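As structure tokens, the structure follows; a few thoughts come after it.
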Amino acid sequence: MAQINPNDIIEVSEYNPSLSEDDGWKNESSGGLGILDTGVGLLKGVHSLATSVGDLGLMAVSGMVNSKRDQMVDEGQLSPDEGRLDANKVMRQSGYFNPEAGNEALSRLYSADVREALSTVEDAEGFWDTVVAYIQNPRAIISGIAESAPAMVPVFSAAGQAFKAAELAGKAKGLAGEALEKFVKQRVMVASGLAEGSVSSLGASQSIGQHNLENGKQYSGNQAWSLPIGITTGLIGQLNPMEANIMSKGLVTGPLMREAIKSGEPVSLLKRAAGAVSHAGLSGAKEGAEEVGQGFFETGFTNVGQEKGFMEDQGKSAAENLIVGGAMGVGMHPFTGSKGGPKNAVNNDSSSASAAGEVPPAGNTPSAQAIPTGENNVPPAQAIPTEEPNTSSEPSDRPNVPPSPEEQAQIDAASQIGNPNDQAT
């Protein structure tokens, strides 16, 4: 991040200068294949996520100090005229923490082509104009994906950790089969929704706070409106939980996700390719629709927090979420599902299958394993199949000659060994 000179701190009404008005150094290259521009976008995304957490911490410090200040005022230890602390504003004015200036510095690292593409999209108004602007400037789409990607890391991390922890906890409770899968699925979805809602709420909180500073208000004003943003984002995310699906190896699916049906019949390579493209497109459409739904409440409640109309800029926001979110959905599609299907996501053993009412394969049953032998390598008596005399199922070529007395005695002895119940009687 560029070093900010405190003497250059702009007035509160100019916290967010546009790119076109910035006279600082800019990257004037064309951008080539866009690899460096993608790196800049990722860096901006990390910067945005980190500074939103920083702003939340500063706001917490202000809250604690001001709470103590109000208590001292009530006790007569401090004059009511003493000002309240706004740590977010103080840090910006000091130059030690200025997310807006840092974001502008990073934006100047974008190539000239990307800056022009972003400017064209920024100038577009309404839904259709914004859609057309994105289509005509695909570099803006790539930048949007790169800037949004770091915010997904906490969601992936929360879902992955919840999956492992829930699987261990479920097995410790003695759960198995479908009961274990349900136990794990519920906890992964909750963790994923909480993480996604928290990240969205953080971003909205920072947007509201920046607007407050631009208008000479306390950063903490109207911050309560960031809470419904987190709630609605987390709930809507349950409809198409791609992050949770990926981290749970296909176990978690939402109402907008469906399991592929495989018939086992040969399919031509062309049909396979067409199916893959169509499924990727469907994933993109569902992810885009999810982002539009989440963005509707995020934009609306952010507007309310900034003392604007709920529906202001909703068309432009919907277009941005549809295009960028859809592109991200296509990119994540190859990682969704599981090679073994959702049922194999939780690593159950044979006891799990038995608890779930499933019959284990014949090769894994105890009867198919080697039978331990006793003395003289003779198996237990109950394991020896017996036949009643003269009931052979196969015809014999031997004449039907009655056994001799010695042979009859051997037959009787073997019959007694093979039928322990006869011995008991």
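What you see below is based on every heavy atom in this structure, not just the backbone, and it leaves out hydrogens, waters and symmetry mates. Every value quoted in this text rests on a predicted model; they were computed, and no experiment measured them.
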- Kindly compute the distance separating CD1 (Ile145) from CG (Leu42), expressed to the nearest 0.5 Å. 10.5 Å

- Hey, which of His211, Met91, Met59 is the one that makes side chain to side chain contact (heavy atoms under 4.5 Å, CB included) with Tyr219? Met59

- Task: Measure the shortest side-chain to side-chain distance between Lys44 and Ser107 over non-hydrogen atoms and say whether it is less than 4.5 angstrom.
- Result: yes

- Message: Could you check whether any side-chain heavy atom of Asn88 comes within less than 4.5 Å of a side-chain heavy atom of Phe97, counting everything from C-beta outward?
- Response: no

- Not counting sequence neighbours, list each pair that qualifies as a ring-ring contact (aromatic ring centres under 6.0 Å, His included) and has a residue in residues 303-327. Phe296-Phe310, Phe301-Phe310

- Message: Would you compute the distance between atom CG of Leu56 and atom OG of Ser201 and round it to the nearest 0.5 angstrom?
- Response: 8.5 Å

- Message: The criterion is salt bridge (charged side-chain N to carboxylate O under 4.0 Å, His left out); which residues satisfy it with Glu307, sequence neighbours excluded?
- Response: Lys217

- Query: Is there a donor-acceptor pair under 3.5 Å between the side chain of Ser143 and the backbone N or O of Arg139?
  - Reply: yes

- Task: Tell me, please, which residues at least two apart from Gln206 pass side-chain hydrogen bond (donor to acceptor under 3.5 Å, both in side chains).
- Result: Thr51, Asp55

- Item | Which atom of Leu202 lies closest to which atom of Ser52, heavy atoms considered | CD2-O, 3.8 Å

- Query: For atom NZ of Lys308, is the number of surrounding heavy atoms from other residues, nucleotides or ligands below 6.0 Å larger than 12?
  - Reply: yes

- Task: Search all heavy atoms of Leu213 against all heavy atoms of Arg92 and return the closest pair with its distance.
- Result: CD1-CD, 3.4 Å

- Query: Just by modelled atom types, is the Ala87 backbone N or O under 3.5 Å from a matching donor or acceptor in the Ser62 side chain?
  - Reply: yes

- Message: Going by the rule side chain to side chain contact (heavy atoms under 4.5 Å, CB included), which residues pair with Ile236 if we only count those two or more places apart in sequence or in a different chain?
- Response: Leu239, Glu290, Gln294, Phe297

Show which side-chain atoms of residues 148-165 pair as donor or acceptor with protein atoms under 3.5 Å away, not counting sequence neighbours.
from	atom 1	to	atom 2	distance (Å)
Ser148	OG	Gly144	O	2.8
Ser157	OG	Gln161	NE2	3.2

- Task: Could you list the residues that satisfy side-chain hydrogen bond (donor to acceptor under 3.5 Å, both in side chains) with Glu75, not counting sequence neighbours?
- Result: Gln71, Gln77

- Heavy-atom closest pair (Thr130 atom, Gly126 atom, distance to 0.1 Å) is OG1-O, 2.6 Å

- Check for a donor-acceptor pair, side chain of Asp313 on one end and backbone N or O of Lys316 on the other, with a separation under 3.5 Å. no

- Task: Check step by step if side-chain contact (heavy atoms from CB on, under 4.5 Å) holds for Met64 and Lys68.
- Result: CA-CA 6 Å; Met64 290 186 293; Lys68 181 63 176 178; over 6 Å; no

- Minimum heavy-atom distance between Val121 and Ala140, given as atom pair plus value: CG2-CB, 3.8 Å

- Got Leu85 and Arg69 here, is their nearest side-chain heavy-atom distance under 4.5 Å? no

- Here the salt bridge (charged side-chain N to carboxylate O under 4.0 Å, His left out) pairs for residues 116-128, sequence neighbours left out, are none

- Query: Among all residues two or more places apart in sequence or in another chain, which pass the salt bridge (charged side-chain N to carboxylate O under 4.0 Å, His left out) test with Asp70?
  - Reply: Arg84

Atom pairs and distances, side-chain donor-acceptor, residues 224-233, under 3.5 Å, sequence neighbours left out:
from	atom 1	to	atom 2	distance (Å)
Ser226	OG	Gln223	O	2.7
Thr232	OG1	Pro228	O	2.8
Thr232	OG1	Ile229	O	3.1
Thr233	OG1	Ser200	OG	3.1
Thr233	OG1	Ile229	O	2.8

- Taking the side chain as every heavy atom from C-beta outward, state whether Leu180 and Lys171 have any atom pair closer than 4.5 Å. yes

- Listed partners of Thr299 passing side chain to side chain contact (heavy atoms under 4.5 Å, CB included), at least two apart: Asn303, Gln314, Ser317

- Item | Polar side chain donor-acceptor pair, Ser111 to Asp37, under 3.5 angstrom | yes

- Report yes if the side chains of Val114 and Asn137 come closer than 4.5 Å at any heavy-atom pair, otherwise no. no

- If we only count heavy atoms from C-beta on, is the His47 to Asn103 side-chain gap below 4.5 Å? yes

- Task: Please name all residues satisfying side chain to side chain contact (heavy atoms under 4.5 Å, CB included) with Lys182, sequence neighbours left out, ordered by chain then number.
- Result: Gln186

- Close side-chain approach of Arg115 to Tyr110, heavy-atom, < 4.5 Å: yes

- Pi-cation contact, Phe183 with Arg187 (under 6.0 Å, within 45°): yes

- Check: Ser79 and Val73 side chains under 4.5 Å, non-hydrogen atoms: no

- Item | Ser207: side chain to side chain contact (heavy atoms under 4.5 Å, CB included) partners, not counting sequence neighbours | Thr302, Gln306

